[in-house]
Amino acid sequence: MLRMSTLFLRTLRDDPADAEVPSHRLLVRAGYIRRIAAGIYSWLPLGVITLRNIENIVRDEMDKAGFQEVHFPALLPRDAYEQTGRWTDYGPDLFRLQDRKGADYLLGPTHEEMFTLMVKGEYSSYKDLPLSLYQIQTKYRDEARPRSGIIRGREFVMKDSYSFDVTDEGLVESYMRHRAAYISTFDRLRMKYNIVSAVSGAMGGSASEEFLAPCETGEDTYVLCEKCGYAANVEAVTTVIAASDPSGIAALDVFDSPNTPTIDTLVELLNAKFGGGYDGSMTLKNVMLMADEKPIAVLVPGDREVDLKRLQANLAGVSEIRVFEDADFAKFKGLVKGYIGPQDAKKSGVTVYADPRIAPGTSWVTGANAKDKHARNVVNGRDFTVDHYVEAAQIRQGDACPKCSTPVIIDRAIEIGHIFQLGRKYAEALNLTVLDQNGKSQIVTMGSYGIGVSRAVAAIAEQSYDEIGLCWPVEVAPAKVHVVATGKEDVVFETAEKIAADLEARGISVMLDDRRGTSPGVKFKDAELIGIPVILVVGKALEQGNVEVRARKSGEKSEVAVAAAVDAIAALLPTLS
RNA sequence: CGGGGCGUAGCGUAGUGGCUAGCGCGCCUGCUUUGGGAGCAGGAGAUCGGGAGUUCGAAUCUCCCCGCCCCGACCA
């Protein structure tokens, strides 16, 4: 039982000056966490209990799914990370340090290497697989910009799992088992979330999905179709545009277009010159970029920007993209800045990438590769060729859903889980093999799965707070019932004690406000701020032999007889989410 | 890393060259009060982020450094 009279807790009346997002503000005010340094927080008793509750739900669901818990140190030698190249690849985000002998160590940002080596050390037969291991552990990443309190910290608690299979089919199965376990976990945490397709990015591998908890303060943007349920990270959205039949489109027509440096001015001129009907979406923007110092042109409709993030995510094997600078234009004489069209790309040695919106057979207005000249009726496949199609154009609210064509919405969310099929990258680098039925050595294929446990504390808070404080789901809250004794009569405190003890005896955890001499207002405000789902007030109503039961979230109140209080609460709890 | 803002007691803040750095919350003592952040009286608590400089005099001006927050870049 938590007793407010002795609990190590001080709630704050004012919002802390350095907290802006609701979860941060309230977790600090209600005495769950305190800041130590940017992105580094200490946990006070209420915070620790809440974090543990979440941790235990995660652990329970992992165990139910048949995954086995192990534990690694956070402090790791450089070795394994050297072998996979991540000692350098991870860059400045990696916390590095040296021991007294000058040997290099790191604080683990994620543990693929260690898990791979652990399995390698114990197993060597296909008979041992499939296998899934997990740990709940503190991770360290020297984020360029920690933010939003506990949402993006430099130290955070994460549950990470890894699956090991011999075959690709086995990996898919392990992946699906994790997916199912994640669904039960987040459901139990009473979180609202969407499972969205993601691009696997630098980690390599194929299939990848993110569990995103929608909320205003989220830092991830994703696309959602409310009709068919399609959901994807913006980077992973696919564009479906059918090829069209170009026969009947008039021949390419070059025309004078002085003083048209922007799409808007070009459209204006087109409408003046050719009798109207043109808009930005009919023009073709030809963006010049350097991809690992090789020139590429990226074609997008004139009314959209190139989304560099999407482009980068979808350009396999390219590590650095930058826009053309004047020096680059100087090197490619065929490219007339402001009047570039894809028609002569081959001559200039430029590889042409096009967003799928530039479908084969479509006709465009674009630059004519000569100063002050544009061309219309420029047809993809007839007047220019696309080397590769790549998702590059920015995505907008109202774009057609790739599954059902309904206009999509764009929303923000916090990433609370990520599952993906890693493949053989780490097993290969660290030589994790098993012998198959034929005695032949096979490289193991892996999956990697993460849940941000400390981040979930914030994400849940973000999804369930109101003007007066936090409102935890029953299983997450630091206690299920907050028993508040108000008044100065001993009988009030004795009754509160008795009910609290009875509740605990029924397995219902209690926080008891047994502070003497604290005014009722203070106790109510604290209870509301702390956010325990049921508040039971022992006070005025006691004269009629009653206590007051309040549901924190809905605000519903009722009076029940003292003797019936425990039963009433036992009945109420399962109805609360 | 670029842009913006900020740093004064545990928390929130006032003070833009001049007396002993002010106020609210919280904390301690006493009395009163007890259903919505109580009242009165008394009290403790501050290297004014750090260093250097300008000045008769610096929380206040200058320079350097450190830290924090927000936007962006970045982020298995």
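Keep in mind that this is a model prediction, so the values were computed, not measured. Protein chains get the first letters and strands the later ones, always in sequence-line order, with residue 1 at the start of each.
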Which part of the nucleic acid, if any, lies within contact of [X], taking any heavy atom under 4.0 Å across all strands shown: a base, the sugar-phosphate backbone alone, or nothing?
X	value
A/D160	nothing
A/E219	nothing
A/E528	base

Quiz item: Do the side-chain N or O atoms of A/R145 get closer than 4.0 angstrom to the phosphate oxygens (OP1, OP2) of B/rA73?
Solution: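 False: A/R145 side-chain N/O out of range (4.0 Å or more) of B/rA73 OP1/OP2.
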Quiz prompt | Short side-chain N/O contact from A/S519 to OP1 or OP2 of B/rA38, under 4.0 Å | solution = yes
Quiz prompt | A/L131 CG to A/Q68 CD distance, which is reported to the nearest 0.5 Å | solution = 6.0 Å
Quiz item: How far does the C1' atom of B/rC19 sit from the matching atom of B/rC25, given to the nearest Å?
Solution: 28 Å
Picking from [options], which would you name as closest to the side chain of [X]?
X	options	result
A/L12	B/rC11, B/rC75, B/rG36	B/rC11
A/A38	B/rG35, B/rC69, B/rC75	B/rC69
A/R147	B/rC71, B/rC68, B/rG35	B/rC71

Quiz item: In terms of side-chain geometry, is the basic nitrogen of A/R96 or A/D104 positioned less than 4.0 Å from the acidic oxygen of its partner?
Solution: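 Not counted as a salt bridge, because no side-chain N and carboxylate O are separated by less than 4.0 Å.
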Quiz item: Given that both distances must come in under 3.5 Å, which nucleotide forms a Watson-Crick or G-U wobble pair with B/rU62?
Solution: B/rA52
